[in-house]
Each structure stands twice: as C-alpha cells, then as structure tokens.
Amino acid sequence: MVKQSIQIFARVKPTKKTTSVYCVDNEEPAGSLLEFLVPKDLADGFINNKKESYKFRFQEVFDQTVKQEDIFEAIAKPVADSVLSGYNGTIFAYGQTGSGKTFTITGGAERYSDRGIIPRTLSYLYQHFSQDSSMVYTTHISYLEIYNEVGYDLLDPRHEASRLEDLPKVTIMEDPDQNIHLRNLSLQQSANEEEALNLLFLGDTNRMIAETPMNQASTRSHCIFTMHVCGREPGSVTVRRSKLHLVDLAGSERVGKTGVCGQLLTEAKYINLSLHYLEQVIIALSEKNRLHIPYRNSMMTSVLRDSLGGNCMTTMIATVSVDKRNVDESISTCRFAQRVALIRNEALLNEEMDPALLIVRLKREIQSLKEELSMVTGEKREDQLSQEEIHKMEELVKVFLDDPDCEVTLALGPDMRKINYCFSLLKVMIRERLSIGDGRGDHPSPPPPLVVPDQKDIPQLQPADLTKLREMLTQRDNEISILVSILKKEKRRANDAAAQLANISNGRPLDPQSPLRLFTASLAGETETVENDHGVPPTLYGERASKLSMGKQEAFEIFKRDHEDRLTIEDNKALLKQRFSEAKAYGEEVNEARNGVNKLKKQLELHRMQRAAHGVTVSPAEVEEVDPVEESIRRQMDEEKKSYKSTFGHLKTLKMEIEHLQLLLERSKMKLQRDFQDWWSQEAARLQVQESEGMARGQSSIRTNQSSESSSSSHPMTRDLSSTELSKSFIPLTGDQQTDADILGFIRARHNLLNRTGPPQP
Ligand code: ADP
Ligand code: MG
C-alpha cells in the first residue's frame, strides 16, 4: 500500500498583456509558491496603493512559458509509471472556463507539440507495453461525459449522435460491496497507440457535434477519459488491473458572476452543484474523523470515488488565468487546491488471481499432496505394476546407469512400488556389469582403443576426433559431389536453352551484355574464361571455390523454381504489394478526413465566439434560437466523421490482411527452405551410400597395388588428406544441421589447403 496526499500543481495560462498581479517562486525548498497581489478595496474613497497578497503552496508551479512536454514529464509520467506497476491513477484539471484545462489534458488541435497529457500518456504506455516482453498487457478505453448529472458514452459505436441527448445514457450501479459499476459505458479494446488515439479523436468529435449553444457542454460538463490496463506475466496466475482516469472538469466559475438567466442559469447551477458536491466531498475528506463522505450526492463524485480518498494515486492541476479580471477566480481555484492537498489516499496494488489458472494450479497441487500423503502414511496400493510400467522403468534405469553425468536422477514420482522395483533392477544390472568387467561374463570384450597416428605436430588429436573429422570430410565431399552433379545438369539445361534461344532469334546471337545472355552464360560455365576486373584470369581453384560457394545458392534457386508452392508465393507477393498501395491510399484519405474535421471544429469554435460577442448586444432570446450556420457546420462535421470512421475501419481491416499475408509468405518461405534442406541431406545420404560402395570396391584394388598409395587419389576434392592437413582444415561445427555458410566455409578452407599442397597431377 502507498499512502500519499493528492499532489497539486498549478499552471498559469499564457497572456499577451504584461501583468503584475502574480509572481511565482520556485526556489522554495518545500514546493513552489504562487502569489497574487490584489489592490486593496477603494470602497472608502481614499486612493490606496497598498496591495493584498495571497500565497499558495504547490508541488510545483508552471509559469506561462512551460511546454506541454515538461507538463507531461513532471505530472503525468509518474502517474503513468504507477499505473504500470498496478496502481490506480487520476489526473484532473480544475479551473475556470478558458484557463487551459482542455489544453492541458487533451491538448491543442493545431500543433503536434501541443499534444496534451492524454495522447502523450497513451504513447508512453504503449511504448512501454511493446518493450516489456516479461508481461502481456491488454488495454481498454472508455470516455464518459457528465452533463447535468447525466452520463453519456462518447465512444458508443452504435450511435451516430448529433445531439447530446442521442448519446446512450450511462447510469451508476452499486454492488453489495459498494463497488461502483457504470452501466452502458462501453469499454473499447485498443491494441495500440493508433487505435487509442482514434478513440480519443472520435470521442472529442462526438462531444463537439453534440454541443449546441444551448448546452455549451465543453465548458459545463465533466469529461473522464479512462484507460483500463491489465498486465500478466505469461504463465502466472496473478493479474494486475489498474485504471488511469484523465479528467477535464467543468469550468469552476461561480453562478453569481456569470450572471446568466433562464435555461442557462439552470445549467450553470447544475455545474456548480456538481462542483459544489465535489467541494463538499473534498472538505469532508480533508477533515479528520469524518465518518460519512457524501460521495453519492453526485454522479461525478461517485465515479471518482476511488480517486478521492481511496485506492488511487491522484494529482490535481489547477489551471489559472492571470488577466486582471480573472484574478478572483484564480484565487478561488488555488484555495480549492489547498484543500485538496490535505486529502490522503491509500493506493493498493491491484493484483488478483485468474480463477481458471488458479484451478489448474490447485489441481496439480492436490495431486502432488495426495501422492505425498500416500507416501507418508505408507498406505499401500493394491494394484500391481503394469507390464508397460515395468518396461518403462527398465529403460529409465538403463539410461540412468549409462549417463556419465553424476547429477542425473531417476524421476519415479512418490510411488514406493516403483522405487522398490527400480532398486532391485539396479542391483541386478550392476551385478551383471561387474561380472562382465571380471571377464567372467560371456559378453564380447569391448573393442580395442583406436591407435593415435604417429604425428608429432598434432599431439592433441584424439582417435575419436580423427574419426569425427574423417566423417565430416566424407560428408563434405558428398555435398561437393551433389553440387557438381547439379551444376552439370544445369549446364546441360542451360546449353539446351541457349541453343533454343539462338534458334528463336533466327540465328542472331544475343547481345553479350544482355541479362539473359549473362544468365545463360553463367549457367553454361562460359564465364570461366572471362577475366575479372583486374584483368587477371581466376585460378583454377579460386574459380572452383567461388563457383561452388555460389552452387548451393544456385541449387536453391533451381529448387525454388520447380517447387510446388512457387505460384502461391508469387501470388501472395503480388497481392501484398497491391494491399500496400491500397493501405497507403486509405491512410491518405484518413488524414484528409481528420484534417477536415479539425478544420470544421475550428470554424465552429470561431463562429461560436462571434455569436457570443454578438450576444452581448442583442437579446438572449435571439442568441438562443437555432443558428443555421452552426447547424450546417455540425452536419458537415458529422459527415466528415462518418467518412473518417469508415475509412479508418477499412484501413484497420486492410492492416490485418497485410499482416496475415506477411505471415503466410514467411511461412511459405520457411517451408521452402526446409524442403530444400531435406532434399539436400537426402542427396548427401544417397551419395554417401554410393561412395561407400565404391570404396569397398576400390580398397581391394589398393591392397593389390601398394606402391601407388595416398598421393594417387585422382580428384582434388575427394583426395584423402593426412591428419596434419585435416587438423589444419578443421572448422568447428555448430551442430548436426550445418548452415550454408558452414558448408561453404568448409569448401573454401579445403580449397586453400589443397592449393597449398599443390594442384593434383592429372
Ligand atoms: P478550458 O478547457 O479551461 O476552458 P481551454 O483549454 O479550452 O480552456 O483554453 C482556452 C484557450 O486558451 C484555447 O484556445 C487554448 O488553446 C488556449 N490555451 C490554454 N492554455 C494554453 C497554453 N498553456 N498555451 C497556449 N495556449 C493555451
Ligand atoms: Mg475545456
């Protein structure tokens, strides 16, 4: 559990005028000070130059020039970090209308650098998810707007709302444990940053479309963007669930001052009522020994109950405007913050067991406890060991005895019948082996050790090594033979093709530099006579080595050409290319639609401002009537939003298809490579058989002609080598399955060796 007071920060909105009504002191050791200097009342008629000072202490005060990035680093990052560790977190902005709450929480629409806390936090969290391979995360997002004590789901996909009242209404339910549940609030899964940003954008657009001059929802409603994070270690039964609320509260200005009437007054009263209840809750929480906290008085305090005086790490940002006419409100915002700072929260690590996984684990535990119990109580089992079990144990004991590793154990489980049987089996086997060692047994004696060849310069080479090397050599020679035979075959094929081409072109030879010509020439081996760049003809061995190193690759190309999956792979490749260009086009469309919506939003904002200014000079009734311009902009926005939504949907489906296609291609490629490797090793095995048959025949002739011995081997690549040469040409192998690089490396090393020992006699 982490006990922590609600952290309070202040942010001063930039103003064009220079002002002397406030100052910031960030040098204080225990936080920062924000001071307001207000001229004393002139009520008594005297000219009075004295100023009254109001000082407020915050964790930190961010003055006008502070960037969004720094706000994120200082305020949101620590909260995001605690959400990642499994604690709940809340950040809420409080302040009068126009003081920068929305700018701070969501951000400005114009510049990328104006992104607020929500997009930056999303980016930070998703980046963490993708980097942390030790956990599996799932995330869901909800976006709730509370206006006049009614909740609206800003993300409900079923509704194409054009008025606030058309949005699905969210209601609060309380379970017997007094946990709050929100009915009708959709939780949208978002797999990545892009999807989450899309949800934020759609929610904000819905909010804007639903707003009318009658219900200036953006200033009079509360908005709660919530990210639900669930993290689990693979294989673990515990899951961590944490919530992050990012809250943009309604404007905190008082009714008396705004001086509105009629419907506007009802609404204004409501906002204030809602914030008034928030204040009551905060006062109750900040007073010691208060038993009842009036959370249930309003929807907003119910929803944020955990964030206020509960299981949550909470941070408040007081946004203040320092224009002279706003100082009163700014001071009351700061006063509110001081009270909030007195609240202490107790954040708990939200870890819980996953029931399904827990059952599996408990079942396993019960089984092992049962076994342990039967062992301890000595309870005997009636059933005899089955024939199959006996056979299995014989195998186990044999493996156990043959394993040179002293640490190896016999895994029998807690079964005394098996343990006893294995002990008697061991006894029998050991006695048997001892009698063999005595020479008393009738088993054949072990084969005599291999003689180490008399080579002074390789004292370290053991007989086993030598055998291994010989085997390797045979294997490599086989590989070389396969390559040679493939090359021969292909050469023939290429010759035929070249002849055919020559016929087709009516006897006219192909351009010597044409790709086709070069390709057929390379296949027909004509390039052997072509000089290299330096005008030096390649040596016989150099040529052979380089041809062979290309050989396997070439063999692979040919194999690929004839493979049954080739057409599928090519089709998929073409489809993928097509889908890529489609996705690009959709991406551009999405961006266009998004820009369109943003432009309309700006237009609407501007229009509303003009109307508000106009409202000062005309009667309120005139302002309240339906405005055709506003209606038209909202309709256009609705259209643009729909087009954005559908295009984004297409893009998402397309993305999934592309990923699927990429996977298919990857799989076909792997299959092709595996098939090739299989074929390659089959060929090798076949050659080995042929060779050993040939050797058997050849050895009898060597025996009859002792004088022509080792140097008489006819082919440089199959000529036997002395152990010295072998030890020098040894390349450590990585495993049974040799990679191409290994094989080619070996061929080169061998070629070098042969080169040193001189070309073979023809
Ligand atoms: P609120 O949500 O509190 O009513 P807004 O966030 O909508 O206020 O801010 C009102 C206007 O002031 C907006 O046009 C916004 O872009 C601008 N604004 C607010 N804070 C800042 C800031 N720190 N830097 C630049 N512009 C700001
Ligand atoms: Mg706002």
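Heads up: numbering here begins at 1 and tracks the sequence. The structure displayed is predicted, hence computed values, not measured ones. Indexing begins at 1, ligand by ligand and atom by atom, following the structure's order.
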Ligand 1 atoms nearer than 4.0 angstrom to some heavy atom of Arg11 are 23 (N)
Report yes or no: does Thr97 have an N/O/S atom closer than 2.8 Å to the Mg ion (ligand 2)? no
Tell me whether Gly95 reaches ligand 1 (any heavy atom closer than 4.0 angstrom to a ligand atom). no
Ligand 1 contact by Gly98, heavy-atom criterion under 4.0 angstrom: yes
Check: Ser85/Ser82 side-chain N/O donor and acceptor closer than 3.5 Å: no
Return a yes/no value for Thr104: is any of its N or O atoms, backbone included, closer than 3.5 angstrom to an N or O of ligand 1? no
Out of curiosity, is Ser99 lining ligand 1, as in a heavy atom under 4.0 Å away? yes
Ring-ring centroid check Phe58 Phe9, cutoff 6.0 Å: no
Note: ligand 1 atoms sitting under 4.0 Å from heavy atoms of Gln96 are 3 (O)
On the 0 to 90° scale, with breaks at 30° and 60°, tag the His650-Tyr586 ring pair as parallel, tilted or perpendicular. parallel
Looking only at distances, can you tell me whether any N or O atom of Phe103, backbone or side chain, sits closer than 3.5 Å to an N or O atom of ligand 1? yes
For residues 98-127, pull every pair meeting ring-ring contact (aromatic ring centres under 6.0 Å, His included), keeping only residues two or more places apart or in separate chains. Phe72-Tyr124, Tyr126-Phe129
Check if Thr319 has a non-hydrogen atom at a distance under 4.0 Å from any atom of ligand 1. no
For the residue pair Val21 and Lys324, establish whether any side-chain heavy-atom pair is separated by less than 4.5 Å. yes
If we ignore angles and hydrogens, is there a donor and acceptor under 3.5 Å between the side chains of Lys641 and Asn206? yes
Taking the six-membered ring for Trp, are Tyr22 and Phe36 parallel (under 30°), tilted (30 to 60°) or perpendicular (over 60°)? tilted
Is the shortest N/O to N/O distance between Thr102 and ligand 1 below 3.5 Å? yes
Do Leu246 and Phe92 have side chains that get closer than 4.5 Å, going by heavy atoms? no
Enumerated ligand 1 atoms positioned under 4.0 Å from heavy atoms of Thr97: 4 (O)
